[in-house]
Trainee: 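One structure follows; several queries about it will come next.
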Amino acid sequence: MNRKAAGILALSAIGFIVAVMLFYSYADKQRPGGETRYLGATEVNIFNTYIGTEKQLLYIDLIAEQSLNKALEELAPKKEELAERYQDELLAGFRKNFEKRLSDFNNIYNSNLLIEDYELSVGENSVKGISEKELNITTEYIDYRFKPGFRIFY
Amino acid sequence: MKTKKGQVEDMFGDFIIAVILIIAAIMIISVKADSHQTDVSEIIASDKSSLRGIDLLTLLRMPVEHPFLDKHGSITFAEFFELVAKNYPEISLEAGWLMDGNLVEDEIGVSDKIVCLSELRELFSKRLGYSRWHFKAYDKESMEMIFECNNIGLLYYPEGEVTYVNTTIPLSQPGKNIIIEMEAVA
């Protein structure tokens, strides 16, 4: 091998090694969304937001169930005729008990949900609450809005 | 084609250099690639574990399938925790029936808490499908632990593998809430 060829070969070899080292040094930082992000981070964040809303909906369902049980307890002597004659009393009892518990929900989840936001009705062996108001959880990636409605059977 | 002695030595030298360079490149690539993969998967694993929060919420909505509880009307795990809280620090007349079904018992003389028995552990394990789990219930106001239940061995796992998730559920008395915390190893 002549001297010129040896020089080119040596330079090429050094260049190759430097290129490989540089590529892998910077490859770590080349993640979707920049240096602080990694593959799947945004999706995980969105799912966590969804889980946050599910926690709130579980709480609403449980207080609705407790309010219905309490209202039924207060109407106990009339329970057999409940479906036909005492729906108004049941609804009034439910409303009173649900309102008390809604303030706990608002304190815990820093929300402002009022009994007036609900359209309450008694259906077939159930109490239904439809909320016109939307609750939301806002993060860097998503503004997740949901209506905290419920239907509880007795 | 004939080669001279000097040319053979040159080719042998080139071959040695090429082999050394190839080995060096492979070592660099494998070391850096491994470290990159480890970093990313560890971060994802720790963040992904928070997604198990949905398992806790699903469990709380599910019925506790047990003949004893079915006799009292089917109850969900959330309602079960509510009954547990009613029996703390003293056994409640209203909710004391929970002690009769071989699921929990009063830990007399040890603490005010009620403790879970093997039948209840099986019910949790059946629903969760985790190899190790640990439930704790705290009074939200005082943060006093009122109940715990686990299958053994959680403490021997490295910290990174354990998931911690929690949620707040209301008690029937307005203004009272408990925090349910779940630690689990998949």
Side-chain angles (χ1 to χ4, degrees), chain A residues 1-2 5-6 9-10 12-14 16-31 36-41 43-48 50-67 69-70 73 97-105 107-109, chain B residues 6-7 9-11 13-14 17-18 20-22 24-37 39-61 76 78-79 81-82 140 165-177 179-180:
Chain A
M1 190 187 287
N2 63 36
L9 180 66
S12 305
I14 292 165
F16 174 72
I17 290 181
V18 169
V20 168
M21 287 178 77
L22 281 175
F23 174 79
Y24 277 101
S25 301
Y26 287 101
D28 284 355
K29 293 167 188 168
Q30 298 301 314
R31 293 171 183 164
T36 57
R37 311 299 309 153
Y38 55 88
L39 196 63
E43 289 79 359
V44 169
N45 188 288
I46 289 170
F47 273 116
N48 278 330
Y50 164 72
I51 292 169
T53 64
E54 281 298 318
K55 284 183 182 181
Q56 297 191 22
L57 291 172
L58 174 68
Y59 195 97
I60 293 277
D61 283 349
L62 289 172
I63 59 172
E65 197 177 318
Q66 290 164 356
S67 303
N69 289 339
K70 190 73 183 163
E73 204 180 294
N97 284 294
F98 190 63
E99 190 173 12
K100 277 185 210 166
R101 290 166 173 82
L102 262 185
S103 61
D104 289 339
F105 172 81
N107 288 337
I108 292 169
Y109 292 105
Chain B
Q7 281 179 315
E9 280 171 0
D10 274 357
M11 281 174 66
D14 291 350
I17 290 169
I20 290 169
L21 289 177
I22 288 168
I26 289 172
M27 281 172 69
I28 292 167
I29 290 169
S30 58
V31 167
K32 295 300 283 183
D34 280 354
S35 69
H36 176 67
Q37 279 177 359
D39 287 352
V40 173
S41 63
E42 274 176 8
I43 299 166
I44 290 175
S46 81
D47 263 36
K48 254 169 52 181
S49 68
S50 62
L51 300 180
R52 291 187 187 145
I54 205 71
D55 290 348
L56 172 62
L57 298 174
T58 306
L59 177 88
L60 292 174
R61 285 184 183 276
T76 61
E79 289 164 330
F81 278 111
E82 196 186 323
K140 189 169 173 63
V165 289
N166 67 59
T167 192
T168 303
I169 62 169
L171 299 183
S172 54
Q173 189 187 346
K176 294 277 180 190
N177 296 282
I179 296 171
I180 310 292

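Because only heavy atoms are used, hydrogens play no part in the values below, and waters and symmetry mates are left out as well, while side chains stay in. Throughout, protein chains are lettered first and strands after them, A, B, ... in sequence-line order, and every chain is numbered starting at 1.
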Trainee: With only heavy atoms counted, which part of Asp61(A) is less than 4.5 Å from chain B, the side chain, the backbone, both or neither?
Mentor: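 Only the side chain of Asp61(A) comes within 4.5 Å of chain B.
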
Trainee: Name the orientation class of the two ring planes belonging to Phe105(A) and Tyr59(A) (parallel below 30°, tilted from 30 to 60°, perpendicular beyond 60°).
Mentor: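 Aromatic pair Phe105(A)/Tyr59(A) classed tilted.
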
Trainee: Begin with the C-alpha distance, continue with both residues' side-chain angles, and end with the deciding distance and a verdict on side-chain contact (heavy atoms from CB on, under 4.5 Å) for Asp104(A) and Ile63(A).
Mentor: CA-CA 9 Å; Asp104(A) 289 339; Ile63(A) 59 172; 6.0 Å; no

Trainee: What closest approach, in Å, do Val44(A) and Leu51(B) show between heavy atoms, and which atom pair accounts for it?
Mentor: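 So the two residues come closest at O-CD2, 3.9 Å.
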
Trainee: Run the side-chain contact (heavy atoms from CB on, under 4.5 Å) test on Leu102(A) and Ile60(A) for me, step by step, so that the C-alpha distance in whole Å, both residues' side-chain angles and the decisive distance to 0.1 Å come before the verdict.
Mentor: CA-CA 8 Å; Leu102(A) 262 185; Ile60(A) 293 277; 4.2 Å; yes

Trainee: So what's closer than 4.5 Å to chain A heavy atoms on Leu171(B): side chain, backbone, both or neither?
Mentor: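 Backbone only.
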
Trainee: Out of Pro170(B), Ala78(B), Pro174(B), which one racks up the most heavy-atom pairs below 4.5 Å with chain A?
Mentor: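 Most pairs with chain A among the choices: Pro170(B).
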
Trainee: Given a strict heavy-atom distance threshold of 4.5 Å, which part of Leu58(A) is in contact with chain B: side chain, backbone, both, or neither?
Mentor: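 For Leu58(A), the contact with chain B is made by backbone and side chain together.
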
